[in-house]
Amino acid sequence: MSMRIGLGFDSHAFKPGVPLVIGGLKIDHPEGLAGHSDGDLLLHAITDALLGAVSAGDIGTFFPPSDPKWKGADSTVFLQTALEEIALAGYKIVNIDCVLIMHRPKIVPIAADMRERVADLLSLDLKNVSIKAKTPEGLNHDGTAVAHVVALLESIDLPEEHKKLTAEADVPDEADIDGVFTTLISKTHDITALGRKPAFDTDDLT
Ligand SMILES: [Zn+2]
């Protein structure tokens with residue numbers, strides 16, 4: 001088994017009159033986060049941590065802010081792509097640890113709901129998702145929300161997973177299962193074999 005680690009960071013400025021979405025959770029607050037997409041900084045940072053862990057570039061590699069297609073986009077789409085990339089590289093998430101830094105709104109009262117939503121989006125047990133909140137003391141960050149995320153991944157044990165998929169898959173014979181399986185998981189775990197080459201465009205969806 002091999003392990004990989006990824007680090008994600010994001011920040012967005014608060015903006016009156018737009019919906020606030022953090023961690024895929026809609027939050028009742030007079031200000032939202034400005035961004036080309038829905039401004040969900042937590043999902044953006046998680047996406048970058050996952051892509052970074054398999055050296056697949058970053059969110060801007062896949063969803064350039066110059067593309068009008070992503071205007072107002074639901075950030076769960078970005079997260080889904082990152083999940084596909086790590087599966088393609090032959091990895092799965094062990095756990096993630098997140099820090100949100102903002103003055104308002106207070107995260108503590110909504111932290112449990114947010115954690116549940118993120119765990120659901122990542123198909124992880126709740127115990128493998130940590131979300132902590134801090135206020136930006138002394139940083140002069142009153143109008144900005146910041147997120148830091150670390151994600152730990154482990155390689156998928158192919159023989160074991162193959163057996164499990166074989167047992168669960170509703171396909172007629174083993175040859176078909178191999179085909180399905182190959183599309184899901186890289187046999188070699190060679191992350192350089194990924195079809196999409198990252199351009200290392202570091203633009204964010206701001
Ligand atoms: Zn962002």
Chemist: Any sub-3.5 Å donor-acceptor pair from Ser155's side-chain atoms to Ser2's backbone N or O?
Modeler: yes

Chemist: Donor-acceptor pairs are to be reported for all side-chain atoms of residues 120-129 against protein atoms at under 3.5 Å, with residues two or more places apart or in another chain.
Modeler:
residue: Asp125; atom: OD2; partner: Lys127; partner atom: NZ; Å: 3.2

Chemist: Could you tell me which non-hydrogen atom of Asp48 sits nearest to which non-hydrogen atom of Gly8, and how far apart they are?
Modeler: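 For Asp48 versus Gly8, the nearest heavy atoms are CB-CA, 4.1 Å.
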
Chemist: Val150 and Leu100: same hydrophobic cluster, using ILVMFWY side-chain contacts below 4.5 Å?
Modeler: no

Chemist: For Lys71, does the NZ atom have more than 12 heavy-atom neighbours from other residues, nucleotides or ligands under 6.0 Å away?
Modeler: no

Chemist: Between Leu79 and Leu50, does a side-chain contact (heavy atoms from CB on, under 4.5 Å) hold up when you go through it step by step?
Modeler: CA-CA 9 Å; Leu79 191 63; Leu50 296 177; 4.1 Å; yes

Chemist: Measure across Asp97 and Ser130 and return the closest heavy-atom pair with its distance rounded to 0.1 Å.
Modeler: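 Closest pair (atom of Asp97, atom of Ser130, distance): OD1-OG, 2.7 Å.
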
Chemist: Is there a donor-acceptor contact under 3.5 Å linking the side chains of His44 and Ser37?
Modeler: yes

Chemist: Measure the OH-CE distance between Tyr91 and Met1 for me, rounded to the nearest 0.5 Å.
Modeler: 10.5 Å

Chemist: Please check if Val94 and Val149 belong to a single hydrophobic cluster, counting links between Ile, Leu, Val, Met, Phe, Trp and Tyr side chain heavy atoms closer than 4.5 Å.
Modeler: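 Each belongs to a different hydrophobic cluster.
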
Chemist: Looking only at atom types and distance, does a side-chain atom of Asp10 sit under 3.5 Å from a main-chain N or O of Ala147, one as donor and one as acceptor?
Modeler: no

Chemist: Can you find a heavy atom in the side chain of Phe63 that is under 4.5 Å from one in the side chain of Thr47?
Modeler: no

Chemist: Please answer: with hydrophobic residues joined when any side-chain heavy atoms are less than 4.5 Å apart, are Trp70 and Leu51 in the same cluster?
Modeler: yes

Chemist: Could you tell me whether the side chain of His36 and the main chain of Pro64 form a donor-acceptor pair under 3.5 Å?
Modeler: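 Looks like no, no N/O pair under 3.5 Å.
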
Chemist: Hydrophobic clustering (ILVMFWY, side-chain heavy atoms < 4.5 Å, transitive) - are Leu43 and Leu152 grouped together?
Modeler: no

Chemist: To check you understand the geometry: which heavy-atom pair defines the closest contact between Arg115 and Ile131, and what is its length?
Modeler: CA-CD1, 3.7 Å

Chemist: Can you find a heavy atom in the side chain of Ile5 that is under 4.5 Å from one in the side chain of Leu7?
Modeler: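 The answer is no; the side chains never approach within 4.5 Å.
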
Chemist: Under the rule for side chain to side chain donor-acceptor pair (under 3.5 Å), what residues qualify as partners of His103, not counting sequence neighbours?
Modeler: Asp142

Chemist: Without placing hydrogens or testing angles, list every side-chain donor-acceptor pair under 3.5 Å for residues 13-32, not counting sequence neighbours.
Modeler:
none

Chemist: Are Arg4 and Ile86 packed together at the side-chain level, in the sense that at least one heavy-atom pair is separated by less than 4.5 angstrom?
Modeler: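 No - every pair of side-chain heavy atoms lies 4.5 Å or more apart.
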
Chemist: Would you indicate whether the side-chain heavy atoms of Lys106 and Thr135 approach each other to under 4.5 Å?
Modeler: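 Thr135 vs Lys106: side chains touch.
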
